[in-house]
Structures are given as structure tokens and as C-alpha cells.
Protein chains: 2
Amino acid sequence: MDVKSDQSTEQQIIEVAEKLFMEKGFALTSTTEIARKVGCNQALVHYYFRTKEKLFESIFERKAQLMLSAILKMDDPTQPFEERLRKLVENHFDIMVENPQLPFLFLNELLTNPKRLELLTQKFQMLPLTLMERFANDLQNEIDKGRIRNVTPISILLTVLSLNLTPFIIRPIFQKMTNTSDELFNVIIQQRKQENILILMRSLMP
Amino acid sequence: MDVKSDQSTEQQIIEVAEKLFMEKGFALTSTTEIARKVGCNQALVHYYFRTKEKLFESIFERKAQLMLSAILKMDDPTQPFEERLRKLVENHFDIMVENPQLPFLFLNELLTNPKRLELLTQKFQMLPLTLMERFANDLQNEIDKGRIRNVTPISILLTVLSLNLTPFIIRPIFQKMTNTSDELFNVIIQQRKQENILILMRSLMP
DNA sequence: CCCAAATTTAATAGCTCTATTAATTTCATG
DNA sequence: CATGAAATTAATAGAGCTATTAAATTTGGG
């Protein structure tokens, strides 16, 4: 059960904690269990991170950064709008592939812990608003030119989010209920990315 | 804080428990808190339901039935396929409107508690398979006639689920981040139903 | 009005968890 | 190899939770 490794104990704690937090969320993960899985004394977890809350936050923060920056840097204004949208879906989807448990962790923590939502909201407010504004402008431009039907930017983002997040969130339920192997599911997921792009594109036709 | 009411205490316990379970899930809700909100002794919760687990299961079971039967009985084979799909999305969406916290509860419990997933899977296996089969058959029929592009039944269901669930699941996060009032959100939700139907229909075009 | 059943409460055992403190061990370095 | 800092452990306080038990209270039918 416990991890033999040449990494520093501190690093091991972070990794085990990350794994457990991802699987079960903050509340259902105990520092006792983390210590047991690492193979160290429970007090050691508190020695390095003082509180379970701080340990969690450091991990959560890092994940939030990862996701945010990945989404932010993906926009290339030299491309035509449709191409940028396509890339948006693809890149967002790929981040999910790399971090399949992230959506559930985010949902779980943000929905059950108001403090956490508050924190992330503040971080979100600091984002360059220009980004959203530019997206809205470019969209309006396309609409005016009759290339896209009249639709709000929020609506588009909600569609992307819906299509991209859900497969990852319901994955364990889906696999269990339809008796789908990991291999098959991975195939389905890859098809799904293309499917989502197609659905979004068609949804925007005038 | 405590509830004054002419209902039986047992009924009050169920209602308060349901509310709390919906908001915070099984793990984060304590029988102590339920009793406090009802305004009774904590032992009383156990007097009526013996364990917190049994109390939860009775509520969860009822909700699962509600959702399942609502979905099952919505199919009218006399209608054309497209019309039935439209109704499927609408009805499923309406159930969500009536029980906006249900998606999160289901996700949360099924994803964090393997026993619960096992249980629901068994219930699901007992469903008349014919239903899924008929859906698949009818779909294939449409595809053969060239009225719908080649797409699997699972893919369609995943699309419906994605589009319909997500707005309700992320509601609190969305409202906080975009500073949206309850009233405005309800408007958005109603528009979203139509939007989802449109997206699905377009996604199926040959 | 009485009493038995149903309801409700008080008290508490036993568990797990977080966090802290003090003691012990490890280890690099002068 | 001595020493002090860093790492680790043992022990435990203190809190909250579930579940049970026995006692107290309420209530409805005869």
C-alpha cells in the first residue's frame, strides 16, 4: 500500500494527496489516510503543510492555474473565427483528456464549499476582461456578416462546456452502466472530440 | 432555524434531510444537523430510520424512481422520430427544472460511493432492454432513410445528457462568476431548453 | 381516567478526524 | 565524530459524528 520512492517525503505527500483529493474530494480525504498511503506518520503531513486546508489549497491552486492558463493562451487572433472556435473546443477537450478527474474535483469543491467558490471568483474577476470582450466583438462581427446565427457568447461557452465536460464527469457511471472497458471508452472519447466540434459548428449556422 | 409545522416529525425529518442531502451530499450532512434544523433530538432521526444510510437510501431511491419513470413514460411511438426526440429533450429538461439539485446529488453519490453506483446499476440492468433496442432500431431506420446522419444511439443520449445537465450542475458557479440573479438565470434556463433542442436537431442532420 | 404504545429526550460509548507538542531519530557539515 | 538543524514519530487534546440504551413524556383507545 505504501509508496517506496526516492522522492522527498514532502513530494510524496503532495502526490498522494493530489491523487486522493482528485478521487474523493476534500471532505472524504483524511490526513490520516494520506499518511498511511505515503507510509509516514500522520503528524508529518501537518509538519509540512500545517493544515489539511492549506495542503488542499496548494494543490487546487496549481490545478486552477493549469487550466486557466491553458485556456487563455490558446487563442490565435490571426486565424479565422471559426477556426479559433474549433481550436477552443479541441484544446479544452485535450486538457480534459490530460486531467480527467479535474472537472469533478472542481465541481465538487466549488459547489460544496462557498469559500472556495469565492476565492476562484476573485481570481476570475482579475482576468483581462478584454479577452471576453474581444470574443464577444469578434462574434458580433461574424453575426453581422451573416456567417453565424444570432447567439450570445455565453451561450456558446455553455455549449462548449456542456459537451466537453460531461463525458469526463460521468465516465465512471457510464462505464459501469454500459459495461464499457477503459480501452473502449478511450476510443469513444476520441470520437467525441470530433463530434463535439461538429455539433458546435452546426449549432452556429445561420 | 427550526421548522414549525403540523406535519408529523417523521415527515419533517425526511424533508429537512432531503434538502440537506441535496445541498451537501451524504457525507457532509450529519444527523445532528438534520435534528437541529427539524428542532428535535438527534436520537429521533435514528429512532425513525435507524441509520443515516437508510434515511439517505429511502430518499435517493425515491428520487431515482421519479427520474427513471419520468423518462420512461415519455415515449409516444405514434409520433414521428424527430418529434419524439424533441419531446425527450424537453421532458428531460423539465424534470431538471423541477429538481435542479438532483444532477449534482446523483453525480456526487454515484462517483464517491461505489456501493451506490452498484445498486443503481443493478436497478438499471432490470430495465426493459426493449426500450433501448427500440430506440436504436427506430434510429437506424431514420439513418437508412437518409433523414439522420450516421450516429450511434449512445452518442445521441450523451449529447442530450451533456446539454441538459450542465446548466443545472454549474448553476451556482455560473451565477457567482457572472454575477447573475436568480431571475435572470431562470430566463436563461428557459431559453436554453429551446437552444438544446435546436442544437440536437442540427447535430443530426444528414 | 388509565394504561400501553408511540414518541421524544438525555446520556453516553465508541469512533475518526485534525492539529499540536514534545521527544526522538537522521543527517550533513565543520 | 560532535552538533545543530531538519525530519520523523509518539502521544494526546479536543471536537464532531453515529448509534444505542434507558428513561421520560405524550397520546389515543377502552
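Throughout, protein chains are lettered first and strands after them, A, B, ... in sequence-line order, and every chain is numbered starting at 1.
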Under 4.0 Å from OP1 or OP2 of D:dG16: is there any side-chain N or O of B:Ser30 that close? no
Please report, rounded to the nearest Å, how far the P atom of C:dT18 is from the CG atom of A:Asn41. 13 Å
Ring centres under 6.0 angstrom apart (B:Phe174, B:Phe168): no
Does a side-chain N or O of A:His46 approach OP1 or OP2 of C:dT18 to a distance below 4.0 Å, or not? no
Send over the distance from A:Phe56 CZ to C:dT18 C1', rounded to a whole Å. 16 Å
Kindly say if B:Tyr47 contacts the phosphate of C:dT8, meaning a side-chain N or O under 4.0 Å from OP1 or OP2. no
Mind checking A:Tyr48 for me? I need base, sugar-phosphate or nothing, with any heavy atom below 4.0 Å counting as a touch. sugar-phosphate
What is the separation between atom CD on A:Glu53 and atom P on C:dC17, rounded to the nearest whole Å? 17 Å
Using a 4.0 Å heavy-atom cut-off across all strands, classify A:Thr31 as base, sugar-phosphate, or nothing. sugar-phosphate
Please pick, from D:dT9, D:dC17, C:dA10, the nucleotide with the shortest atom-to-atom distance to any side-chain atom of A:Ala43. D:dT9
Taking only the side-chain nitrogens and oxygens of B:Thr9, find out if one of them lies under 4.0 Å from OP1 or OP2 of C:dT8. yes
Here the distance between atom P of D:dT9 and atom CZ of A:Arg36, to the nearest Å, is 15 Å
Just checking, is any N or O donor in the side chain of B:Ser203 or B:Thr159 under 3.5 Å from an acceptor N or O on the other one? no
How are the rings of A:Phe56 and A:Phe26 set to each other: parallel, tilted or perpendicular (split at 30° and 60°)? perpendicular
Taking all non-hydrogen atoms of both residues into account, name the closest pair between B:Glu15 and B:Gln7 and its distance. OE2-OE1, 2.7 Å
When the nearest nucleotide of DNA chain C is assigned to A:Lys52 and to B:Gln42 on a heavy-atom basis, which residue is associated with the more 5' position? B:Gln42
I'd like to know if A:Glu195 and B:Arg149 make a salt bridge, using a cut-off of under 4.0 Å between side-chain N and carboxylate O. yes
Given atom CG of A:Leu44 and atom C1' of C:dT21, what is their separation to the nearest angstrom? 15 Å
Are OP1 or OP2 of C:dT18 and a side-chain N or O of A:Arg50 less than 4.0 angstrom apart? no
Could you tell me how far apart B:Glu33 (CD) and D:dA15 (C1') are, to the nearest whole angstrom? 16 Å
Whole angstroms only, please: what is the CG-C1' distance between A:Leu28 and C:dC17? 13 Å
